[in-house]
K.L.:
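Could you have a look at this structure, given as structure tokens, before my questions?
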Amino acid sequence: MTAGSGVLLVLLSLSGALRAHNGDVTARETCKAGFSEEDYTALISENILEGERLLKVTFSSCLGTKGTWYETNSLDFKVEADGTVFATRELRIPSEQVAFTVTAWDRQTAERWDAVVRLLVAQPSFAHSAHKKGKQSAALDASQPPSDMLLPWPQQRNANGLRRQKRDWVIPPINVPENSRGPFPQQLVRIRSDKDNDIPIRYSITGVGADQPPMEVFSIDSMSGRMYVTRPMDREERASYHLRAHAVDMNGNKVENPIDLYIYVIDMNDNRPEFINQVYNGSVDEGSKPGTYVMTVTANDADDGTTANGMVRYRIVTQTPQSPSQNMFTINSETGDIVTVAAGLDREKVQQYTVIVQATDMEGNLNYGLSNTATAIITVTDVNDNPPEFTASTYAGEVPENQVEVVVANLTVMDRDQPHSPNWNAFYRIISGDPSGHFSIRTDPVTNEGMVTVVKAPLASGIQMSFQSTAGVTISVMDINEAPYFPSNHKLIRLEEGVPPGTALTTFSAVDPDRFMQQAVRYSKLSDPANWLHINATNGQITTAAVLDRESLYIRNNVYEATFLAADNGIPPASGTGTLQIYLIDINDNAPELLPKEAQICEKPSLNAINITAADADVDPNIGPYVFELPFVPAAVRRNWTITRLNGDYAQLSLRILYLEAGVYDVPITVTDSGNPPLSNTSIIKVKVCPCDENGDCTTIGAVVAAGLGTSAIVAILICIVILLTMVLLFVVWMKRREKERHTKQLLIDPEDDVRDNILKYDEEGGGEEDQDYDLSQLQQPETMEHVLSKAPGVRRVDERPVGAEPQYPVRPVVPHPGDIGDFINEGLRAADNDPTAPPYDSLLVFDYEGSGSTAGSVSSLNSSSSGDQDYDYLNDWGPRFKKLADMYGGGEED
């Protein structure tokens, strides 16, 4: 490319650190050993992953790089043979930069050269990087906010007539995590030529994943140069892609040389270790010393083996039986080799061990790694460690004379070694008592008994014989019927749950001690709580009658127990019992359930969130870690809500939007366990969204609104309550008014204004009038009659309501106020006499109605007679209003 040509820039906004790839050694006219630069600089993120490539240093020894090796003065960074600098562990850079020295050694000459490497921590405000002499740049990490880095295209310059090619910029790889959930398409990079300021540029990409199978994994916007990934990546399907980016004008003419883009798929821990076999069989001799090799189990992980995702570690979970020790074997965590770790293997006591081996990735981290299990069956092989033992110390037998090849006696022995094996076969010989060799002992190959046989005839008569003789005493033992017994009691078998009905499990047979009585043994069930098993009555074979479920209530510690009965047909019959224990290996047959079912959250997302978890009836490794997801349908679920993962078993449900109207929402959540294969379940959680106070607690009105009633519904309910109360109040008022009209009639004047002839009821008991301070001035004519005269014209009766129209009468002239109550009564009398609607004169004229049911007696018998000894002097104490009465009645005797 000539000077002045365009520069093609790559703008990176993808998460992941930029790493350098192999570059060419700078062309030089003369060869001089050393680094191409004395000082290397790279931009890195604050967080660095283990094994992450940062940059590449270039060293030339003039003889190639075979004899050169590198080292650094930092334990955190190393250099590969090609000069690539990488991190040896996961780091967090606390300062703005890290500097260390890289040393190159020449193995032939022992010379050394040093170069300084500076790693600068990229800041969010970093917009671009300039290409300066002696420095090499990298890119930003995904943890920083997206920013654009400009990477100039290689150029050539002419200086002093010498043509020198500048060191190329290294376009760092683009890292894409596998199993991304989108949304797609997802932008990776933006390709831009600086010539697009002058002419329109069209961009395109070629290579595997673009225009070659698999097609359309990556796409590019031809006008803007933005490059996208269109679907989730799978590292196990393809780990990297090599694309070439092209820039042409609108006529198809090349504007820039193609640029290479390397896309690496970042591995995620999405594959569980898988054992090559589910059941491994091995053997070890009894009596073996600790450290004896038994077998090797192997599990493979499809994840990246150079990272913790694919590093598998092994451990022994359980050993059955735990005799004579619970840790008879151990396993190499890295190689999977199983060896003995304790002495005491004895085939005569334990013939077989069942060991459950677990393989976990993430270097065996049980909190974050995925696990799987396999079964290792270790058989203890027999060695000749038990001598044969005679069952009796003396045997008796007889034989006729002059006969050979006759069995005289059977010698029975017991050998605890493996029956019918070379270690069990007995060999008999006579050590004394038969110097002439008349007898021999042969071994029965079936029963292992020794058969004493005559091989020579006895001496003829006339031979000198001893006067001593030896006689054997034979004791006959009477046989009685003994009960059958199960040799292995309790018997333990292992199998996976969910086996179909009719599956043969084992043969649980009993032994009858009465071997010579030829008795038949019959089998039956004695205890089968879940009715899962069936036993053959003649041979004791046990089969399943139903599906065995490890999560059943009848299971205790993964073990199901059933008891069987073996009975013979002797006289009297005898029976024995045996217990069969079935250890059920869990399979992933239960989907997780979401917890809790109901929750409450504020209508603003910043106040609180809902912690959710899951419950699974299965056991590890078929339970957590769980995956909590929101379904795509309906779309409002993902638009309104979001889920944040806390750890393997818990997550948080919170609002995605800034505000959600109060109410009850059914939020579907899909929970997936870690079983193989995994099971999912979509559960509904009822979320009450309500207004909250400053403490994040629902208000009272908010709780009502959250119960499902909106503001308009609450206002309508309140209006209905007010109307109902108003109707009740009006009904009560109407009833009281009706009751009042029934018992009383309208007064001449309002009762509140008329205080003259009213009887005041105080509803109290006390002394006489002398004991109370009454204001008797109310009995006098009021000072003014304006409130009476202001009423409608005419005189009204106070005892009844007029029927027709009220006649108009001339208003009586206003008279002076009478001085006492007598004048008022006379005025009323005259008004009544002149009233044409009044009843006859001899009828009772009601001046006022004070109600019915008075407890006072009639006062009609009172008269004005002054006879008697009544003392009226107390009238003098009633005031000036009653002075006239006091004068009339008080001093009668004196006059």
Side-chain angles (χ1 to χ4, degrees), residues 273-301 305 310-366 369 371-389 414-427 448 487-496 506 558-559 581 583 585 620-621:
E274 296 291 342
F275 284 92
I276 298 177
N277 301 311
Q278 280 300 311
V279 178
Y280 290 83
N281 292 286
S283 62
V284 61
D285 291 340
E286 63 177 332
S288 296
K289 296 180 179 179
T292 303
Y293 172 82
V294 180
M295 68 170 71
T296 299
V297 296
T298 304
N300 298 324
D301 196 320
M311 295 182 180
V312 179
R313 297 294 182 266
Y314 304 92
R315 72 184 186 98
I316 293 178
V317 180
T318 60
Q319 168 198 306
T320 305
Q322 297 180 356
S323 173
S325 172
Q326 62 180 359
N327 295 316
M328 294 298 295
F329 306 93
T330 186
I331 188 171
N332 188 304
S333 62
E334 296 183 2
T335 63
D337 294 340
I338 299 177
V339 297
T340 60
V341 73
L345 290 173
D346 190 354
R347 191 205 65 82
E348 285 71 36
K349 294 181 179 179
V350 179
Q351 300 179 5
Q352 181 177 284
Y353 290 88
T354 301
V355 177
I356 303 300
V357 180
Q358 183 182 59
T360 306
D361 57 20
M362 298 298 291
E363 296 181 294
N365 191 319
L366 298 178
S371 302
N372 215 335
T373 59
T375 302
I377 299 177
I378 302 174
T379 302
V380 181
T381 57
D382 182 57
V383 297
N384 193 18
D385 60 342
N386 293 281
E389 298 177 359
M414 181 181 66
D415 195 329
R416 292 184 297 170
D417 290 328
Q418 182 71 35
H420 307 290
S421 68
N423 300 326
W424 176 76
N425 294 332
F427 174 76
N448 211 27
S488 55
N489 191 15
H490 300 23
K491 184 175 183 179
L492 178 66
I493 62 174
R494 299 176 61 89
L495 72 155
E496 288 188 346
T506 184
N558 300 331
V559 176
Q581 294 180 330
Y583 185 93
I585 301 174
D620 188 73

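A quick note: this is a predicted structure, and the numbers were derived from the prediction, not measured.
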K.L.:
Please tell me if the side chains of Ile377 and Gln352 come closer than 4.5 Å, counting only heavy atoms from C-beta onward.
P.N.:
yes
K.L.:
Apply side chain to side chain contact (heavy atoms under 4.5 Å, CB included) to residues Met295 and Val284 and explain how you reach the verdict.
P.N.:
CA-CA 9 Å; Met295 68 170 71; Val284 61; over 6 Å; no
K.L.:
By the definition side chain to side chain contact (heavy atoms under 4.5 Å, CB included), identify the one residue from Val339, Ile316, Val357 that meets it with Phe329.
P.N.:
Ile316
K.L.:
What's the verdict on side chain to side chain contact (heavy atoms under 4.5 Å, CB included) for Val297 and Ile331, showing C-alpha distance, side-chain angles and the deciding distance?
P.N.:
CA-CA 9 Å; Val297 296; Ile331 188 171; 3.7 Å; yes
K.L.:
Is there a side-chain hydrogen bond (donor to acceptor under 3.5 Å, both in side chains) between Lys349 and Ser323? Walk through the geometry before answering.
P.N.:
CA-CA 9 Å; Lys349 294 181 179 179; Ser323 173; over 6 Å; no
K.L.:
For the residue pair Met328 and Val341, establish whether any side-chain heavy-atom pair is separated by less than 4.5 Å.
P.N.:
no
K.L.:
Donor-acceptor pair, Asp346 side chain versus Glu348 backbone, under 3.5 Å?
P.N.:
yes
K.L.:
Give me the atom names and distance for the closest heavy-atom approach of Gln319 to Gln322.
P.N.:
O-CG, 3.1 Å
K.L.:
Do Ile356 and Thr375 have side chains that approach each other closer than 4.5 Å (heavy atoms only, starting at C-beta)?
P.N.:
yes
K.L.:
Would you sort out whether Thr373 and Gln278 count as a side chain to side chain contact (heavy atoms under 4.5 Å, CB included), showing the intermediate values?
P.N.:
CA-CA 8 Å; Thr373 59; Gln278 280 300 311; 5.6 Å; no
K.L.:
Under a 4.5 Å cut-off applied to non-hydrogen side-chain atoms, are Thr354 and Arg494 in contact?
P.N.:
yes
K.L.:
Can you tell if the side chain of Thr360 reaches within under 4.5 Å of the side chain of Asn365, non-hydrogen atoms only?
P.N.:
no
K.L.:
Kindly say whether Pro273 contributes a backbone atom to a donor-acceptor pair with the side chain of Asn372 at under 3.5 angstrom?
P.N.:
yes
K.L.:
What pair of heavy atoms forms the shortest contact from Ser371 to Gln358, and how long is it?
P.N.:
CB-NE2, 3.6 Å
K.L.:
Angle class for the Tyr280/Phe275 ring planes (parallel below 30°, perpendicular above 60°, tilted otherwise)?
P.N.:
perpendicular
K.L.:
What distance do Ser283 atom OG and Ile378 atom CD1 have between them, rounded to the nearest 0.5 Å?
P.N.:
9.5 Å
K.L.:
Can you pull the side-chain hydrogen bond (donor to acceptor under 3.5 Å, both in side chains) pairs that have at least one residue in residues 328-344, sequence neighbours excluded?
P.N.:
Thr296-Asp337, Asn332-Thr335, Thr335-Asp337
K.L.:
For residues 277-297, pull every pair meeting salt bridge (Lys or Arg N to Asp or Glu O under 4.0 Å), keeping only residues two or more places apart or in separate chains.
P.N.:
none
K.L.:
Is any side-chain heavy atom of Leu492 closer than 4.5 Å to one of Gln581?
P.N.:
yes
K.L.:
For the pair Tyr353 and Leu345, evaluate side chain to side chain contact (heavy atoms under 4.5 Å, CB included) and give the outcome as yes or no after the intermediate values.
P.N.:
CA-CA 10 Å; Tyr353 290 88; Leu345 290 173; 3.7 Å; yes
K.L.:
Let me confirm one number: the OG1-CD1 distance from Thr320 to Ile493, rounded to the nearest 0.5 Å.
P.N.:
13.0 Å
K.L.:
Are Ile585 and Glu496 close enough that some pair of their side-chain heavy atoms sits under 4.5 Å apart?
P.N.:
yes
K.L.:
Do you know which two heavy atoms are closest between Ala299 and Ala359, and how far apart they sit?
P.N.:
CB-CB, 3.8 Å
